[in-house]
Amino acid sequence: MSEGNSAASIRPRRSVLYMPGSNARALEKARTLPADAVILDLEDAVAPDAKVEARDRIVETVKAGGFGPREVVIRINGLDTPWGPDDLEAAASATPDAILLPKVQSVEQLVTVGRRLKALDVPATTRVWAMIETPLAILDIKAIAAAAQDPLTRLSVFVLGTNDLAKETRAALVPGRAPMVGWLSLVVAAARVYGVDVLDGVWNQFQDLDGFKAECAQGVEFGMDGKTLIHPSQIEPCNIAFSPPEAEVARARAIIAAFALPENAGKGVITLDGRMVELLHAEMAKRTVALADAIAARS
Ligand SMILES: CC(C)(COP(=O)(O)OP(=O)(O)OC[C@H]1O[C@@H](n2cnc3c(N)ncnc32)[C@H](O)[C@@H]1OP(=O)(O)O)[C@@H](O)C(=O)NCCC(=O)NCCSC(=O)C[C@H](O)C(=O)O
Ligand SMILES: [Mg+2]
């Protein structure tokens, strides 16, 4: 298992903001915005002519540090593009928290990157995140998720690329995402088996905050860990949506306390406020409390 899921090592990844590597003004904000993580992008947000300059700017930005508790991730171009191999080398030299690989659809791609990072002697603290955004990735998601068991791959997070999924499948991107529901929940299921975190795709209509909030709520219902974002105005509502509500945290603390009572020692099921509570609920409660504590520790 990778570190993605356990209550002991929980890391909030509620809000994860893309910033185009070609936009110096946006990159400047990476150290101050209240996002849990930032993705400095070399792929889709950067025009071909601007890729090399953006790469240099991103490496310089990451090496300069000063991001506080934010995770810093570099999204490179695919290794099958003219920029990918140099992007990987440059990103590795900056030792970000993670390198995000676009259009991952085979275990082989992850192993190739893992070998390269090993050859470059990149510390194990630099993880690999994988974009899941092609039909083939959806069909092979179990095998791809299982690659997290091989430490060579460093795989720890899936990022859904719903724009590319829409492009590749011709499914419509509509409010409620009915055409994609099966794919999204399949990715969550595979990720959970192998301890990989899952981040939802972006909401393109960034001026429609009500629509955005509805999609955040849907991501929470799917069991996702957070959502990828394209605009700073999306950060606060996203943080709220993916933080456990106060009442849920209070209930979780009550469940943990109830199981700790001497009269409940050794019991697998108890009654709390008229409701059945089993040990599995206590486990869920521990995760909720750990996430709430980790969020509180950030602020
Ligand atoms: C969508 C945008 C092009 C809108 O830009 P703009 O019109 O300039 O926005 P604003 O005028 O409202 O900006 C206000 C201030 O906020 C800063 N800003 C804007 N966006 C960001 C950002 N992402 N990170 C940091 N700061 C940002 C502006 O600089 C303004 O600052 P100031 O000058 O001080 O007022 C733009 O938001 C944007 O480019 N967003 C990111 C787009 C992106 O990265 N796309 C690629 C990732 S999504 C993807 O690839 C999905 C996936 O692969 C899939 O397949 O689905
Ligand atoms: Mg994409």
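When a ligand or atom number is given, it counts from 1 through the structure's own listing order. None of these values were measured; they are calculated from a predicted model. The residues of the chain are indexed from 1 along the displayed sequence.
Here the side chains of V38 and V16 are not in contact, with every heavy-atom distance at 4.5 Å or above. The side-chain heavy atoms of V187 and V198, taken from C-beta on, include a pair separated by under 4.5 Å. I99 is listed as a side-chain neighbour of I76, based on a closest heavy-atom distance under 4.5 Å.
Considering backbone and side-chain atoms alike, D164 places an N or O below 3.5 Å from some N or O of ligand 1. Below 3.5 Å of separation, one finds no N or O of V202 facing any N or O of ligand 1.
Nearest approach of N77 to E43, heavy atoms of both residues: OD1-CA, 3.3 Å.
Short contacts between ligand 1 and A45, defined as distances under 4.0 Å to a heavy atom of the residue, involve ligand atoms 43 (C), 44 (O), 45 (N), 46 (C). Within ligand 1, the atoms closer than 4.0 Å to a non-hydrogen atom of E133 are 52 (C), 53 (O), 54 (C), 55 (O), numbered from 1 in the order shown. Contact atoms of ligand 1 toward D41: 46 (C) (distance under 4.0 Å to a heavy atom of the residue). The distance from ligand 1 to the heavy atoms of F206 drops below 4.0 Å at these ligand atoms: 1 (C), 4 (C). Close approach to M131 involves these atoms of ligand 1, each under 4.0 Å from a residue heavy atom: 52 (C), 53 (O). Near T162, meaning under 4.0 Å from one of its heavy atoms, ligand 1 places the atoms 54 (C), 56 (O). Listed by atom number, the atoms of ligand 1 under 4.0 Å from A26 heavy atoms are 24 (N), 25 (C), 26 (N).
The Mg ion (ligand 2) has D164 among its coordinating residues (N/O/S atom, backbone or side chain, under 2.8 Å).
Of the protein's heavy atoms, none falls inside 4.0 Å of atom 3 (C) of ligand 1. Distance check for atom 44 (O) of ligand 1: a protein heavy atom is found below 4.0 Å. The protein does not reach atom 6 (P) of ligand 1 closely, with no heavy atom under 4.0 angstrom from it. Distance remark: protein heavy atom present below 4.0 angstrom from atom 34 (O) of ligand 1. Within the 4.0 angstrom cut-off, atom 10 (P) of ligand 1 has one or more protein heavy-atom neighbours. There is no protein heavy atom closer than 4.0 angstrom to atom 28 (C) of ligand 1.
At a heavy-atom cutoff of 4.0 Å, ligand 1 is contacted by the side chain of R75 but not by its backbone. Residue contacts with ligand 1, taken as heavy atom pairs separated by less than 4.0 Å, involve N163 via backbone and side-chain atoms alike. Neither the backbone nor the side chain of L229 has any atom closer than 4.0 Å to an atom of ligand 1 (non-hydrogen atoms only).
Shortest contact from atom 39 (O) of ligand 1 to any protein heavy atom: P20 CG, 3.6 Å. Considering only non-hydrogen protein atoms, atom 20 (N) of ligand 1 sits nearest to P232 CD, 3.5 Å. In terms of protein heavy-atom proximity, atom 14 (C) of ligand 1 is closest to H231 NE2, 3.9 Å. Of the protein's heavy atoms, I230 O, 4.1 Å lies nearest to atom 36 (C) of ligand 1. For atom 47 (C) of ligand 1, the closest heavy atom belonging to the protein is Y18 CG, 3.4 Å.
Here the CZ atom belonging to F222 is positioned 9.5 Å from the CG atom belonging to L160, to the nearest 0.5 angstrom. Within the model, atoms CD of Q234 and CG of L209 stand 7.5 Å from one another, a figure rounded to the nearest 0.5 Å. Residue K103 holds its NZ atom at 9.5 Å from OG1 of T81, rounded to the nearest 0.5 Å. Separation of atoms CG (N264) and CD1 (I270) is listed at 4.5 Å; rounding is to 0.5 Å.
More than 12 heavy atoms of other residues, nucleotides or ligands sit less than 6.0 Å from atom CZ of R298.
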Step by step, work out the side chain to side chain contact (heavy atoms under 4.5 Å, CB included) result for Y18 and L40. CA-CA 6 Å; Y18 284 103; L40 313 184; over 6 Å; no

Test log, rule side chain to side chain contact (heavy atoms under 4.5 Å, CB included), inputs V128 and T153: CA-CA 7 Å; V128 166; T153 69; over 6 Å; no

Assess the residue pair L101 and M131 against the criterion (side chain to side chain contact (heavy atoms under 4.5 Å, CB included)); give the C-alpha distance rounded to whole Å, side-chain angles, the decisive distance to 0.1 Å, and a yes or no. CA-CA 6 Å; L101 310 177; M131 299 280 323; over 6 Å; no

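The atom name of the N/O/S atom in E133 closest to the Mg ion (ligand 2) is OE1.
Contact check on D97 versus R127 returns no salt bridge, with no Lys/Arg side-chain nitrogen under 4.0 Å from an Asp/Glu carboxylate oxygen. A salt bridge does not link R13 to D225: none of the charged side-chain nitrogens sits closer than 4.0 Å to a carboxylate oxygen. Checked for salt-bridge contact, D86 and K51 miss the test: no charged N lies under 4.0 Å from a carboxylate O.
Counting only non-hydrogen atoms, the option in K29, R25, M19 that gets closest to atom 31 (O) of ligand 1 is K29.
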